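The block underneath contains the structure these notes are about, expressed in structure tokens.
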Amino acid sequence: MSRAALLVLADGRFPAGGHAHSGGAEPAVTAGRIRTADDLAEFCRGRLHTTGLTAAALAAAAAHGLDPLALDEAADARTPSPALRATGRRLGRQLMRAARATWPSAELAALAAARPRGAHQPVVLGLTARAAGLGPMDAAHCAVYETVSGPASAVVRLLSLDPFQATAVLARLAPELDHVADRAVAAARQGIDALPAASAPLLDITAEAHAARPVRLFAS
């Protein structure tokens, strides 16, 4: 297991396409729900304990070696918004391209062949971690970090929020990220039927509205 591989996978500069997505932060800013660093912290906390937990468990399960096609179906069932399902598959397809160029594996190739339009991103993330020699806990930590770092980065651009404040939000959330990752791995070890299905209905609703907006900075 390589700590350096974990850093590469979690690096925001890894070409997985996440920079084009706000994780729901852009519609929240548009609606006035995020205006300050404190608002950002609450938004990220909400994502972390709902969709973040679900994504982390899917990623951990894939890294653990559970059937990625069954996990992809589980991810689909846990994503009620058509816009977010499409986003999850686009991000999964982009991550797959980067992963196969970086850590080629038969498992990644098989999933790419079975899901040519893209598997859901958390499933691809877990399989990528597995290909890189990482474990379920590493995959879960990558997933929970993406859950909060994407919106934090987006809000810096959307509001010209002080990047030091945004980074401080992430640092203060670190103990909660660890806790959610632990819960995700514990669930993954019990099998697909035990995976959490936590959701955030407001994110689903705003994702649909955002997808219909003619002018937007982020794809989602």
Side-chain angles (χ1 to χ4, degrees), residues 6 9-10 12 14 16-25 43-64 66-81 83-96 98-99 111 115 118-130 134-154 170 173-174 176-204 207 219-220:
L6 176 59
L9 183 55
F14 190 72
H19 65 280
H21 298 264
S22 75
F43 178 86
C44 288
R45 180 172 287 109
R47 270 183 59 84
L48 173 63
H49 290 279
T50 54
T51 57
L53 172 62
T54 301
L58 289 163
H64 191 53
L66 300 188
D67 180 0
L69 294 179
L71 288 171
D72 192 56
E73 292 176 359
D76 220 46
R78 287 161 170 75
T79 312
S81 161
L84 290 182
R85 284 200 297 272
T87 294
R89 293 194 180 281
R90 281 198 302 270
L91 286 170
R93 186 168 61 247
Q94 177 67 21
L95 175 56
M96 179 66 80
L111 181 58
R115 293 288 188 270
H120 279 280
Q121 192 267 358
V123 180
V124 180
L125 176 61
L127 215 58
T128 301
R130 186 173 168 86
L134 301 171
M137 185 62 76
D138 298 307
H141 272 103
C142 283
V144 295
Y145 181 67
E146 286 179 354
T147 295
V148 296
S149 63
S153 176
L170 299 180
L173 285 172
E176 294 182 56
L177 266 66
D178 290 340
H179 175 67
V180 171
D182 287 341
R183 289 182 60 194
V185 172
R189 288 174 178 154
Q190 297 177 51
I192 294 178
D193 290 343
L195 296 180
S199 64
L202 186 57
L203 287 179
D204 296 327
S220 70

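Note that this is a predicted model, so its numbers are computed, not measured.
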Nearest 0.5 Å please: distance from the [atom1] atom of [X] over to the [atom2] atom of [Y].
{"X": "E73", "Y": "L71", "atom1": "CD", "atom2": "CG", "result": "9.5 Å"}
{"X": "Q121", "Y": "L84", "atom1": "CD", "atom2": "CG", "result": "12.5 Å"}
{"X": "H49", "Y": "L173", "atom1": "NE2", "atom2": "CG", "result": "7.5 Å"}
{"X": "H21", "Y": "L91", "atom1": "NE2", "atom2": "CG", "result": "4.0 Å"}
{"X": "E176", "Y": "L48", "atom1": "CD", "atom2": "CG", "result": "6.5 Å"}

Any side-chain heavy atom of [X] within less than 4.5 Å of one from [Y]?
{"X": "D178", "Y": "H141", "result": "yes"}
{"X": "L9", "Y": "L125", "result": "yes"}
{"X": "L170", "Y": "L177", "result": "no"}
{"X": "R183", "Y": "L53", "result": "yes"}
{"X": "M137", "Y": "D182", "result": "yes"}
{"X": "R89", "Y": "D72", "result": "yes"}
{"X": "M96", "Y": "R115", "result": "no"}
{"X": "S199", "Y": "T54", "result": "no"}

Okay, side chain of [X], backbone of [Y]: is any donor-acceptor separation there less than 3.5 Å?
{"X": "R78", "Y": "L58", "answer": "no"}
{"X": "R85", "Y": "P80", "answer": "yes"}
{"X": "R47", "Y": "G52", "answer": "no"}
{"X": "S22", "Y": "P151", "answer": "no"}
{"X": "S153", "Y": "S149", "answer": "no"}

Closest contact, heavy atoms only, [X] versus [Y]:
{"X": "A139", "Y": "A59", "value": "CB-O, 3.7 Å"}
{"X": "V144", "Y": "A181", "value": "CG1-N, 4.3 Å"}
{"X": "C142", "Y": "L6", "value": "SG-CD1, 3.5 Å"}
{"X": "A55", "Y": "P122", "value": "O-CB, 3.5 Å"}
{"X": "A61", "Y": "A188", "value": "N-CB, 3.6 Å"}
{"X": "A60", "Y": "A140", "value": "CB-CB, 4.3 Å"}

Residues in salt bridge (charged side-chain N to carboxylate O under 4.0 Å, His left out) contact with D67, at least two apart in sequence or another chain: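 For D67, no residue satisfies salt bridge (charged side-chain N to carboxylate O under 4.0 Å, His left out) once neighbours in sequence are set aside.
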